There are 4 protein chains.
Amino acid sequence: MTERSIVPREAGAEKRRLILAAAVRVFARDGYHTSRVGDIAEEAGIAHGLLYHYFSSKEEVLETVFRDNWRELLGLIRRVEESDEPADEQLRGIAKILLRSWRNDPDLVTVMVREVARSPHLQGQVEEIREGFASIQRVIERGQAQGVLRADVDARLASWIFYGGLEELLTGWVLGQLPDGDEEVARAERTIIDVVCGGLTARDTVPA
Amino acid sequence: MTERSIVPREAGAEKRRLILAAAVRVFARDGYHTSRVGDIAEEAGIAHGLLYHYFSSKEEVLETVFRDNWRELLGLIRRVEESDEPADEQLRGIAKILLRSWRNDPDLVTVMVREVARSPHLQGQVEEIREGFASIQRVIERGQAQGVLRADVDARLASWIFYGGLEELLTGWVLGQLPDGDEEVARAERTIIDVVCGGLTARDTVPA
Amino acid sequence: MTERSIVPREAGAEKRRLILAAAVRVFARDGYHTSRVGDIAEEAGIAHGLLYHYFSSKEEVLETVFRDNWRELLGLIRRVEESDEPADEQLRGIAKILLRSWRNDPDLVTVMVREVARSPHLQGQVEEIREGFASIQRVIERGQAQGVLRADVDARLASWIFYGGLEELLTGWVLGQLPDGDEEVARAERTIIDVVCGGLTARDTVPA
Amino acid sequence: MTERSIVPREAGAEKRRLILAAAVRVFARDGYHTSRVGDIAEEAGIAHGLLYHYFSSKEEVLETVFRDNWRELLGLIRRVEESDEPADEQLRGIAKILLRSWRNDPDLVTVMVREVARSPHLQGQVEEIREGFASIQRVIERGQAQGVLRADVDARLASWIFYGGLEELLTGWVLGQLPDGDEEVARAERTIIDVVCGGLTARDTVPA
DNA sequence: AATGAATGAGCATTCATTCAT
DNA sequence: GATGAATGAATGCTCATTCAT
């Protein structure tokens, strides 16, 4: 429970985490390209050379930040996928996971949204990202098979649209363009489900 | 009529465009950070020093690429906004504009999606981006006011979700993760409207 | 004749030579590994970045120093080889060339002896070095064929021995272990020919 | 008799030798400058920190490699010098010692030829090297005094030339430029004595 | 003795930007 | 306008060495 209980082997993993956490803060503050290895080390309270005992390069630090976190999100998403809730509730669950990550760790979301959702850095990770989309797609397909969701829509495209909507909401917060707060996050959750499941089109409310 | 008829002032603008086009190709191929000013110059067939007669910095080139193009898109979006079509048709129009830009100029979309939709570079452009969202938001609000779209949804959040869905579809093509082709783009258009307007939820087919 | 007469194209070659000359001085003073690129630039009176307009790396500078000079020596040696002097006189000519280079440019000889006559750096140059030995070997073989030199000695090994003797004399001067001066160099020339051609063994002077 | 019988003090010396042997292999393979302390430690099967219990620096390792070996060679050379053989036989003995060291320990010779026979590292060892040359010089001088060797040659220069020839032969093997093998080494021995003692010049064989 | 985490000086190289011609 | 030589700030990374354990 105390620091002293950490056995040597864990100490290495611990320091690794320390560096990753520092990197997230620095990347969130300055952006990956602008951040210097020395900044990360300073934020972590270590000599910059030590960073290279744990990571082979600055880029590997970013990749690790992404991979570790995406893996965790993926695990949560899969748990939702494997639940026996109806598809629309599963989508709501997935939205919850992603949107709430903003409140849990804004710096981390900032890095994920800014640096990873794109180009050069994600080259090696495309496969892992794809799994997230695949999970959403399966949820939709199952919903269609069970008649909960309409079947005349391309599930794959729909999964990209759904994910894109979520990511854009996160981006809105990251950029300070959308109002922040627990209440706002809850509203965003409701809204994306309202939009994606219910649709924006007004229905003629059937009169009594 | 011939090139020689171009008056000097236009010649400058022409070379400017030449450089911007080259920059788009290079940024699309290598990414902004990896691209060197010399690469752009080489692609444009000029000496690298000359680039600084037309732009004050490498970053200004990127900003110009973004601004010029975003402004054009904005103009198109506004024309849709000002049309007297119903809101859902206006949204379809906006989707068409954005999604078809992929087929028109994949390199440009690649750069917009990868380099600009986020982080440090768009600092100064946030205002211009905001206008795009505002346009979409107004379309939705008008649709709600006219009873075409349901009014119990936050129009601002909905506009972000809609835009996010569009951008993610573009990203899918940029990353080579979604099947490409005119047909596919048309399907994506239909799908995003189906999803965002109609909603994914299955409706009880009206009984006879 | 004046500096102003140097045309632009030659200016580049001129600066190249300037850098090489500075590098020779610095390498001779501090050794290749200890020398920093900045030292060479400073010695040449240029910004260190400029060095990379002319050479791709610090190592290429060393290689060029070696190659340029070795090529020159090779040319001189070949001229001797192609002369119609007897073999022993040709060997004397070769000794002259190599030993006098010490007086001509001690820094250059220092670099050649210290940094190049060995290991990692000469990897790519082995072929060029080999040509020097080959030239000496041919001189010896021709001498043997013409009966000027004894034929019961392996010409290849003899060429290495001869060259080694010369290089060691240069090394002695480089290390400050052998007395220096024009007179000393002349004596060294005589000595190596005395030893290698005449042999150390005392002959019974033929009685009258 | 067993390893366990080695008393502690000897154990230390043993490990020291282990490190030196590893260093020779690594230096021979990668060159001194390219080799890292960690490489030596890994080759020796120890933690790199431990190396500093036995040596004060990486350079001291190289110096020790040189000194230990040179001392041994020096001892052998002196034994030859102190023998009562004629001078030319003594020179042959010295040649044997140096040339055969190639077959005994090619890695060691590689290091000696590449890293030590020159420059920065030998600064402190010049004195010890000088003794080797002095020994050869004394052999020659004694040969001259006894009338076995011609007296009209500078013994000091001759000793450098002789040593240079030997070193160059070793270099030829190190660089893979001269054919290797016991037979070849024996021929080299003969050749250097033929050349240095007999001389390359053809003699008119006195008819009976 | 032994380990290997930690330190930090040191350095080659890159590249955006300037400017003389 | 056009060129490309020249500048020099900036930085990722290496690795010899130290030292707590």
Side-chain angles (χ1 to χ4, degrees), chain A residues 8-9 11-12 14-16 19 33-42 44-61, chain B residues 8-9 11-12 15-16 33-42 44-61, chain C residues 8-9 11-12 14-16 19 33-42 44-61, chain D residues 8 11-12 14-16 33-42 44-61:
Chain A
R9 192 156 49 154
E14 185 60 27
K15 179 124 323 169
R16 213 181 136 87
I19 294 170
H33 277 102
T34 311
S35 304
R36 283 161 298 150
V37 170
D39 295 336
I40 301 171
E42 191 185 19
I46 61 168
H48 66 274
L50 188 56
L51 188 144
Y52 290 90
H53 275 254
Y54 295 93
F55 303 95
S56 66
S57 68
K58 180 184 159 188
E59 182 157 4
E60 206 209 27
V61 174
Chain B
R9 194 159 43 166
K15 183 138 301 184
R16 213 181 134 88
H33 276 102
T34 310
S35 304
R36 286 159 302 160
V37 169
D39 295 336
I40 301 171
E42 191 187 18
I46 61 169
H48 67 275
L50 188 55
L51 187 144
Y52 289 88
H53 277 260
Y54 296 94
F55 302 93
S56 67
S57 69
K58 179 184 160 190
E59 183 156 5
E60 206 211 24
V61 175
Chain C
R9 192 157 48 151
E14 186 59 28
K15 179 121 329 165
R16 212 181 137 87
I19 294 170
H33 277 102
T34 310
S35 304
R36 285 161 296 149
V37 169
D39 294 337
I40 301 170
E42 190 185 20
I46 61 166
H48 66 275
L50 188 55
L51 186 144
Y52 290 91
H53 276 254
Y54 296 94
F55 303 94
S56 66
S57 68
K58 179 184 160 189
E59 182 157 4
E60 206 210 26
V61 174
Chain D
E14 185 58 28
K15 182 139 301 183
R16 213 181 134 87
H33 275 103
T34 309
S35 304
R36 287 160 300 162
V37 170
D39 295 336
I40 301 171
E42 190 186 20
I46 61 167
H48 67 275
L50 188 56
L51 187 145
Y52 288 88
H53 276 260
Y54 296 94
F55 302 94
S56 67
S57 70
K58 179 184 160 188
E59 184 156 4
E60 205 211 24
V61 174

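Only a predicted model underlies this, so the values are computations on that prediction, with no experimental measurement involved. Labels below follow one simple rule: chain letters A, B, ... track the order of the sequence lines, proteins then strands, and each chain is numbered from 1.
Of the two residues near DNA chain E, C/Tyr52 and D/Leu51, the one whose nearest nucleotide lies more 5' is D/Leu51. DNA chain F is contacted by both A/Ser56 and C/Ile46; C/Ile46 maps to the nucleotide lying nearer its 5′ end (nearest heavy atom per residue). Residues B/Tyr54 and A/Gly49 each lie close to DNA chain F; by heavy-atom proximity, the contact nearer the 5' end of the strand is made by B/Tyr54.
Partner assigned to E/dA2 is F/dT21, using Watson-Crick or G-U wobble distances below 3.5 angstrom.
Distance, C/Ile40 CD1 to E/dA12 C1': 11 Å, rounded to whole Å. Straight-line distance from the NE2 atom of C/His33 to the C1' atom of F/dA16: 15 Å, rounded to whole Å. Distance, C/Glu60 CD to E/dA12 P: 15 Å, rounded to whole Å. Taking atom CZ on D/Phe55 and atom P on F/dT18, their separation rounds to 15 Å, with Å as the unit. Nucleotide F/dT17 holds its P atom 9 Å from the CD atom of D/Glu59, rounded to whole Å. D/Arg16 places its CZ atom 11 Å from the P atom of E/dA1, with the value rounded to the nearest Å. Following rounding to the nearest Å, A/Ile19 (CD1) and E/dA5 (P) show an atom-to-atom distance of 12 Å.
To the nearest 0.5 Å, atoms NE2 (D/His48) and NZ (D/Lys58) are separated by 13.5 Å. Rounding to the nearest 0.5 Å gives a distance of 11.0 Å between CD1 of B/Ile46 and CD of B/Glu42. Rounded to the nearest 0.5 Å, atoms CZ (A/Arg16) and CD1 (A/Ile19) are 8.5 Å apart.
Proximity note for C/Leu50 (side chain, C-beta onward) versus F/dG12, F/dA6, F/dA2: the nearest is F/dA6. For C/His53, counting side-chain heavy atoms from C-beta on, the closest listed nucleotide (F/dA6, F/dG1, E/dT7) is F/dA6. Side chain of B/His48, nearest nucleotide from F/dT7, F/dG8, E/dT17: E/dT17. The side chain of B/Arg36 sits closest to E/dC15 out of E/dC15, E/dT7, F/dA2.
Taking both residues in full, the closest heavy atoms of B/Glu60 and B/Ser56 are given as OE1-N, 2.9 Å, listed atom of the first, atom of the second, then distance.
A close approach under 4.0 Å does occur between a side-chain nitrogen or oxygen of A/Lys15 and OP1 or OP2 of E/dA6.
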